[in-house]
Number of protein chains: 2
Amino acid sequence: MGKQMTEMLKGTLEGMILAILAVRPAYGYEITARLRDEGFSDIVEGTVYAVLIRIEKRDLVDVEKVPSEKGPPRKVYSLNAQGGEYLEEFWGTWSFLAARIAQLKQHIEDTQEKGE
Amino acid sequence: MGKQMTEMLKGTLEGMILAILAVRPAYGYEITARLRDEGFSDIVEGTVYAVLIRIEKRDLVDVEKVPSEKGPPRKVYSLNAQGGEYLEEFWGTWSFLAARIAQLKQHIEDTQEKGE
DNA sequence: ACCACTAAATAGTAACACTGAATAGCGGTC
DNA sequence: GACCGCTATTCAGTGTTACTATTTAGTGGT
């Protein structure tokens with residue numbers, strides 16, 4: 001990860017993982033692979049597991065241990081009601097921030113065009 | 001600040017401040033006030049000054065001390081060439097992340113509509 | 001026995017925004 | 001002339017976060 005991306009993921013990675021779980025339950029290794037596929041190419045398992053442990057402690061997800069044919073048992077996480085609420089809050093916070101930043105960017109572009 | 005927003009600002013507040021400086025030079029107290037006006041209502045001076053000191057150390061900005069009629073001298077920051085490059089990089093990182101998150105959100109909405 | 005892949009956990013580190021307080025300069029009021 | 005309000009900057013200490021690097025564990029193949 002670039003350093004900028006690393007810092008930007010603070011506060012968003014958690015929401016992204018909750019968003020993934022909102023679509024359907026998943027386990028850590030799977031989530032890591034999906035994030036890698038979606039362009040976060042050098043995200044490491046350890047990072048994802050840390051988030052999962054955190055959201056489990058906060059009771060935002062339910063956990064079920066499911067045996068795997070290919071290795072040790074999987075811990076399958078699914079979003080619960082409290083996690084759903086938290087995710088809604090996340091969208092609100094994100095939307096606000098994204099709108100402000102878009103506004104700042106627009107302001108720069110306007111300035112450069114006509115010298116403000 | 002809400003806790004979610006606090007975490008989300010990590011990695012973005014710096015970019016936002018650079019973006020403000022890209023429009024025109026400004027000093028810390030002024031930047032704080034502007035951020036407050038734009039909806040980040042409980043941002044505190046200390047936070048902004050910490051960012052300013054950081055970006056000064058990294059040589060992303062030029063600094064000029066300007067006397068004030070109303071108090072101690074102002075430290076007016078302006079974006080330099082290196083800061084401009086860094087800001088460009090920030091927009092790239094931000095755009096990528098924002099696109100991914102928008103995609104995740106869309107995916108949830110699609111799923112909820114027709115059961116995926 | 002060894003390796004490759006899957007799967008989870010963990011101790012230690014660096015970076016960041018926040019808290020709370022201190023310092024400093026100016027104007028006005030009582 | 002001591003005090004308050006506003007402007008303006010700084011700084012030590014804290015909590016949270018993602019990252020690094022390693023360890024442990026299970027299965028199947030050679």
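What you see is a predicted model; the values in this text were computed from it and never measured. Sequence lines set the chain letters: A, B, ... in the order given, protein chains first and strands last, and positions in each chain run from 1.
No continuous path of ILVMFWY side-chain contacts below 4.5 Å connects B:V44 to B:V48, so the two sit in separate hydrophobic clusters. Follow the hydrophobic side-chain contacts under 4.5 Å out from B:I55 and you reach B:V63 in the same cluster. In the hydrophobic clustering of this structure, B:L18 groups with A:M5; members are Ile, Leu, Val, Met, Phe, Trp, Tyr whose side-chain heavy atoms approach within less than 4.5 Å, directly or through other members.
Per the geometry, CZ belonging to B:F40 stands 12 Å off P belonging to C:dA17, to the nearest Å. Atom CD1 of B:I55 is separated from atom P of C:dC16 by 12 Å (rounded to the nearest Å). Distance, A:L52 CG to D:dT17 P: 14 Å, rounded to whole Å. Counting to the nearest Å, the C1' atom of D:dC19 and the CD1 atom of A:I17 are 14 Å from each other. Atoms CD1 (B:I43) and P (C:dG20) sit 16 Å apart, rounded to a whole Å. Rounded to an integer number of Å, the gap from CZ of B:R36 to C1' of D:dT7 is 12 Å. Atom CG of B:D42 and atom P of C:dA17 are 15 Å apart (whole Å). Across the protein-nucleic acid pair, B:M1 atom CE and D:dT16 atom P stand 18 Å apart, rounded to whole Å.
Annotation: proximity of residues 94-103 of chain B to DNA chain D (heavy atom, distance under 4.0 Å) is found for no residue.
Residues that satisfy the ring pair (Phe, Tyr, Trp, His ring centres under 6.0 Å) test with A:Y86, not counting sequence neighbours, are absent from this structure. Applying the salt bridge (charged side-chain N to carboxylate O under 4.0 Å, His left out) test to B:R54 and every residue at least two apart in sequence or in another chain returns B:E14. For A:K75, the salt bridge (charged side-chain N to carboxylate O under 4.0 Å, His left out) partners are A:E56, not counting sequence neighbours. In this structure, B:Y29 has no ring pair (Phe, Tyr, Trp, His ring centres under 6.0 Å) partners at least two apart in sequence or on a different chain.
The pair A:E30-A:R34 counts as a salt bridge, with a side-chain nitrogen and a carboxylate oxygen less than 4.0 angstrom apart.
Proximity of A:T6 to the phosphate of D:dC19: a side-chain N or O atom is located under 4.0 Å from OP1 or OP2.
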Footprint string (nucleotides 1-15 of chain C, 5' to 3'): B base within contact, S backbone only, - free, heavy atoms under 4.0 Å
-----BBBBB----B
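Taking the ring centre of B:F40 as origin, the terminal cationic atom of B:R36 falls outside the region bounded by 6.0 Å and 45° from the ring axis.
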